[in-house]
Student: 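Got a structure here, written out as C-alpha cells. Questions coming.
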There are 2 protein chains.
Amino acid sequence: MAEEHHPDHAPLELENFLPYRLSILSNAVSQAIADDYQRRFDLSMTEWRVMAVLARFDGLSAREVAERTLMDKVAVSRALAKLVETGWVTRATHDGDKRRSVLGLSEAGWAIHEVVAPMAREHERNLLSKLDDEERTWLVRILDKLQAIEPK
Amino acid sequence: MAEEHHPDHAPLELENFLPYRLSILSNAVSQAIADDYQRRFDLSMTEWRVMAVLARFDGLSAREVAERTLMDKVAVSRALAKLVETGWVTRATHDGDKRRSVLGLSEAGWAIHEVVAPMAREHERNLLSKLDDEERTWLVRILDKLQAIEPK
DNA sequence: TGCAAATGGTTTCATATGTAACTATAACGC
DNA sequence: GCGTTATAGTTACATATGAAACCATTTGCA
C-alpha cells in the first residue's frame, strides 16, 4: 500500500507532524501534573524537578542540579532561591570551594516529596494505562532511540 | 523477570519518568526546528504554526486558527498582528459578521511557506530515520492511543 | 423591537524565561 | 607568589506567555 508522497512544499498537516504531536502530548501531560502540585503547594515544574533530583542525589551543587535536570543554571538558581526561602531545600557552602553550594532536601522538603512523587507516578500510570504491555515496551525502546545523542 | 516495584514515595528517576522524557525530547526537537526558521525568517513557533494552518485552510477566522493549532486566542492574536504587519498574512473582515476576521497567506507568505515546510519535514525525516519501519508504525499507533481524548 | 448574554478579538498587567553581564572564588602557568 | 583564565552562582534586562478585563458586534428571546 503505497503511501501518498507529499511534495515538500505541500501544506504541513500539523496533526500528523511528529514534532507537533510530541509537543502537544508532552505539554498536556506535563501541564496536568504541574497543575496538580502547583495548586497544592505552589510549586513550579522547575522547582519540582530540582526537588526530585535532590531527593535522589543529596549534596549536589547547583551546577550538578542543572546538569541532571537539563535546565539552565539561571532557572536552577531561581528555583533554588525560592526553595531555600520556603525551607524545602537546604543550602550550605562546600568545604574547600566557597563558590560551590551543597544542596539537599530539608525535613519539610522530604514531606513535600512524599506527597508529590506519588502524585506524579499516578499520572504516569494513568497515561501508561492507555497502552498494553507490548506498546509500553515499544514506547520505551523508541524513546531510547529517539533520544540517542545527535551525531550530526 | 520481575521488575523492582518502586515504593511510591521513593525518589523519582526523572530519566525514566515518561512525562519528563517526553518533555525533553519534544523540546529538543521543536527547538531545533524553530531555531532554524527563527534564524532565517525571524519567525516564532507560534507564528509558523499559524502560517501552516492557513496554508491548509484558507479563510479561517482567528478563533478557528486557535482551535486548529491548540493555541490560545491571545497567542494567535499576537502572532497574527505580527504576520499581518510583515505582510505574510492577509486579514479581511467577514461579510455579515464584522467581529470575525478572514485570514489567508499572502504571496509573500506562500513564499515563506515554500521554504519552511520542507525544512520542517526534513527535520521530521531526520528524526524518524533513527527508527526502523516497525518502530515507526508502533510510534504512530502509540501516539494515537496516548492522545485519545481523556475520558475522565 | 430591545436588552441580556454570548462571541470574536485585542489590550493590559503580572509572571516566566533566556541572554548577557557581573561578582566571587579557584585553578593554571610562569 | 601573581596575573590570567575558568568556574559557580546571581542579577539585570529584554522578551514571551497567560489570565483577566475590555470593546465591538451579534445572538437569543421576552
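Owing to the predicted nature of the structure, the values given are computational and were not obtained by experimental measurement. In what follows, chains are A, B, ... by sequence order, proteins preceding strands, each numbered from 1.
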Student: Heavy atoms only, 4.0 Å cut-off, all strands: where does B:Lys73 land among base, sugar-phosphate and nothing?
Tutor: base
Student: Check the pair B:Val50 / B:Trp88 against side chain to side chain contact (heavy atoms under 4.5 Å, CB included), numbers first and verdict last.
Tutor: CA-CA 11 Å; B:Val50 168; B:Trp88 295 340; over 6 Å; no
Student: Using a heavy-atom cut-off of 4.0 Å to chain A, what are the terminal contacting nucleotides of DNA chain D, in 5' to 3' order?
Tutor: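 With heavy atoms of chain A under 4.0 Å away, the range is D:dA6 to D:dA12.
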Student: Keeping A:Thr86 on the side-chain end and A:Leu83 on the backbone end, is there a donor-acceptor pair under 3.5 Å?
Tutor: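 Side chain of A:Thr86 to backbone of A:Leu83: a pair is present.
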Student: Below 4.0 angstrom, N of the basic side chain to O of the carboxylate: do B:Asp144 and A:Lys130 qualify?
Tutor: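 Between A:Lys130 and B:Asp144 there is no salt bridge, as every charged N stays at least 4.0 Å from the carboxylate O atoms.
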Student: Testing the basics here: between A:Thr69 and B:Ile24, what is the closest heavy-atom pair and its distance to 0.1 Å?
Tutor: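 Looking at all heavy atoms of both residues, the shortest contact is O-CD1, 4.5 Å.
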Student: Hey, does A:Ser61 reach any base, or is it just sugar-phosphate, or nothing, if we go heavy atoms under 4.0 Å?
Tutor: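 The residue A:Ser61 makes sugar-phosphate contact but no base contact.
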Student: Would you classify B:Ser101 as touching base, sugar-phosphate or nothing, given that sugar-phosphate means primed atoms plus P, OP1 and OP2, and contacts are heavy atoms under 4.0 Å?
Tutor: sugar-phosphate
Student: Can you figure out which of C:dT7, C:dA26, C:dT10 approaches the side chain of B:Arg99 most closely?
Tutor: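 Nearest listed nucleotide: C:dT7.
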Student: Which is more 5' along DNA chain C, the nucleotide nearest B:Arg100 or the one nearest B:Arg78? Just name the residue.
Tutor: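 First, find each residue's nearest nucleotide; the 5'-ward one identifies B:Arg100.
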Student: Measure CG/B:Leu80 against C1'/C:dT11 and give the value in whole Å, please.
Tutor: 15 Å
Student: Just by distance, do the side chain of A:Arg136 and the backbone of A:Leu128 share a donor-acceptor pair under 3.5 Å?
Tutor: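 Judged by distance alone, yes, a pair lies under 3.5 Å.
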Student: Using 4.0 Å as the upper bound for N to carboxylate O, is an ion pair formed by A:Arg125 and A:Glu122?
Tutor: yes
Student: Name the residue closer to the 5' end of DNA chain C, choosing between A:Ala75 and A:Asp97 according to the nucleotide with the nearest heavy atom.
Tutor: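 Checking each residue's closest nucleotide, the 5'-ward one belongs to A:Ala75.
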Student: For B:Thr46, which contact category applies under a 4.0 Å heavy-atom criterion: base, sugar-phosphate, or nothing?
Tutor: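 B:Thr46: no heavy atom of the nucleic acid under 4.0 Å.
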Student: Please report the distance, rounded to the nearest Å, between CE in A:Met71 and P in C:dT19.
Tutor: 14 Å
Student: Rounded to the nearest Å, what distance is computed from the CG atom of residue B:Asp72 to the C1' atom of nucleotide C:dG9?
Tutor: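 After rounding, the gap between these two atoms is 12 Å.
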Student: If the condition is side-chain contact (heavy atoms from CB on, under 4.5 Å), which residues does B:Asp72 pass it with, not counting sequence neighbours?
Tutor: B:Val74, B:Ala75
Student: Verify the contact: side-chain N or O of B:Arg63 to OP1 or OP2 of C:dG8, cut-off strictly under 4.0 Å; return yes or no.
Tutor: yes
